[in-house]
Amino acid sequence: MSPTSTPDVLVVGGGIIGLVTAWRAAQRGLATAVVDPEPGGGAARVAAGMLAAVTELHYGEETLLGLNLASARRYPDFAAELTELTGHGLGYRRCGTLAVALDADDRAHLRELHALQQRSGLEAQWLSGRECRRLEPMLAPGVRGGLRVDGDHQIDPRRLAAALVSACERSGVSVHRARAERLVVTGGRATGVVTSDGTGLAAGQVVLAAGSLSGRLAGVPPHVLPPVRPVKGQVVRLTMPERPGTFLSRTVRAVVRGSHVYLVPRESGELVIGATSEEMGWDTTVTAGGVYELLRDAHELVPGITELALTETRAGLRPGSPDNAPLLGPTELEGLLLATGHYRNGVLLTPVTGDALADVLTTGELPPEARPFTPRRFGAAVLTEQPA
Ligand code: GLY
């Protein structure tokens with residue numbers, strides 16, 4: 001694309017969802033640009049990267065399960081393609097997940113989850129506490145049972161983001177390092193954005209993929225503004241002993257006193273422990289209480305974490321939506337599409353989002369698996385906060 005020509009597509013937001021959309025659109029022959037002050041940043045800097053369609057199944061989210069599974073199935077080819085194109089490893093580990101119970105209430109909760117998984121045709125195996133500890137010897141002696149899910153894997157979101165930046169560059173995507181401040185609407189159609197330094201960026205179609213910030217872009221008419229809110233998640237990162245797999249070999253997770261806690265061991269030796277879930281607006285402070293709760297709950301599962309080096313604490317904002325599912329595709333405003341609201345599943349849903357958006361940008365139609373996630377399902381957006 002020549003630097004002066006108007007692109008077919010402008011993606012607002014250079015997190016993993018915006019980048020995958022831009023990459024896939026460029027691969028389909030569309031002249032594509034991305035606008036973001038820090039491409040490859042966003043929630044992927046914080047996320048643990050669990051690809052957990054089965055262990056994160058919730059009642060009432062069976063439609064979302066279909067999309068999650070469609071994306072999980074794409075991951076092996078998606079990761080291989082991205083690595084081949086860019087030379088970046090993604091830390092993709094088909095390591096499986098073990099969800100465990102620490103007391104009778106947790107055990108009952110896990111039994112319910114197992115029944116729901118079985119009704120949904122998903123593979124999960126019930127294990128006794130002793131069987132759990134045989135798989136993961138660092139687990140606490142008090143573990144009462146668990147669910148072994150070999151199909152729930154992990155990827156390193158920071159490496160994924162870096163690879164997607166590189167894939168965009170190699171595919172001819174133009175990257176504008178600036179903040180989109182206002183959508184431009186001309187003759188009832190979205191035609192571009194104005195950035196914070198006053199530069200106008202015109203495009204044939206605009207995709208709003210700015211994560212939790214998607215509901216704050218000025219100039220978007222209220223009836224199409226996505227009903228997306230920030231949901232804070234705090235995580236801590238520890239470092240495990242050098243020999244891979246000796247501390248934990250797979251993701252371990254549980255619900256402790258009603259809070260989800262998970263431990264995600266990477267091949268690099270990093271152990272990610274997450275995550276709080278807090279409705280705190282735009283606050284991204286790492287709090288003593290948040291870190292304390294994560295370490296306390298993780299310690300109940302795996303007491304040996306107290307011996308590990310604490311290397312990082314961080315908080316990010318998930319883009320929550322009213323039904324916990326993403327908003328994908330055209331809005332009521334011609335020329336404006338959404339790829340946002342991925343909430344707890346942004347990393348998992350990256351491959352299917354890129355494919356769905358590339359389809360709709362080229363054909364005007366969402367593919368069947370993405371149709372239930374049309375933004376039109378919400379009608380007029382109801383927001384707790386108006387654009388700043
Ligand atoms: N999917 C994990 C989280 O959002 O914390």
Side-chain angles (χ1 to χ4, degrees), residues 15-17 41-59 61 64-65 67-69 71-72 75 90-93 95-100 113 117 147 149 151-158 160-161 211-212 214 228-238 248 250-266 270-280 283-284 286-287 290-291 293-298 301 312-326 340-353:
I16 53 176
I17 294 297
R45 300 291 310 155
V46 184
M50 289 177 299
L51 307 176
V54 178
T55 41
E56 289 213 351
L57 177 62
H58 294 285
Y59 280 102
E61 294 186 0
L64 177 59
L65 171 67
L67 192 70
N68 286 344
L69 290 173
S71 207
Y75 246 102
L90 307 179
Y92 180 41
R93 289 189 62 207
C95 57
T97 296
L98 185 62
V100 300
L113 175 62
Q117 289 165 336
L147 278 176
V149 178
D152 276 0
H153 305 311
Q154 61 153 297
I155 198 158
D156 184 336
R158 294 178 180 177
L160 172 63
S212 58
S214 300
V228 170
R229 69 185 196 287
V231 183
K232 179 177 174 182
Q234 301 189 47
V235 303
V236 302
R237 285 175 158 80
L238 312 183
L248 286 180
R250 73 199 67 219
T251 297
V252 170
R253 56 184 303 149
V255 179
V256 181
R257 285 179 287 271
S259 301
H260 289 270
V261 64
Y262 44 80
L263 295 87
V264 182
R266 300 212 198 288
E270 183 177 78
L271 179 67
V272 186
I273 299 177
T276 64
S277 193
E278 304 164 71
E279 304 274 352
M280 299 279 292
D283 172 58
T284 52
V286 175
T287 63
V291 172
E293 281 170 25
L294 288 174
L295 292 177
R296 179 196 63 196
D297 295 350
L301 289 184
E312 192 182 319
T313 59
R314 208 176 261 259
L317 299 173
R318 306 174 183 90
S321 77
D323 59 4
N324 300 335
T340 188
H342 292 70
Y343 189 39
R344 301 182 75 93
N345 295 305
V347 180
L348 173 60
L349 289 174
T350 295
V352 78
T353 298

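Whatever order the structure lists them in is the order used to number ligands and atoms, beginning at 1.
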Separation between CZ (Arg318) and CZ (Arg229), nearest 0.5 Å, reads 10.5 Å
Minimal non-hydrogen separation, Gly211 against Val228, with atom names
O-CG1, 3.7 Å
Take Ser71 and Thr350 through the test side chain to side chain contact (heavy atoms under 4.5 Å, CB included) and record every step on the way to the result.
CA-CA 7 Å; Ser71 207; Thr350 295; 5.9 Å; no
Say you draw a straight line from OG1 of Thr55 to CD of Gln117; how long is it, rounded to the nearest 0.5 Å?
7.5 Å
List for me each residue that meets salt bridge (Lys or Arg N to Asp or Glu O under 4.0 Å) alongside Asp156, sequence neighbours excluded, and say none if there are none.
Arg266
Taking the side chain as everything from C-beta on, heavy atoms only, tell me whether Thr287 gets closer than 4.5 Å to Lys232.
yes
The protein residues that pass the under-4.0 Å heavy-atom test against ligand 1 are Met50, Glu56, Tyr262, Ala275, Arg318, Arg344
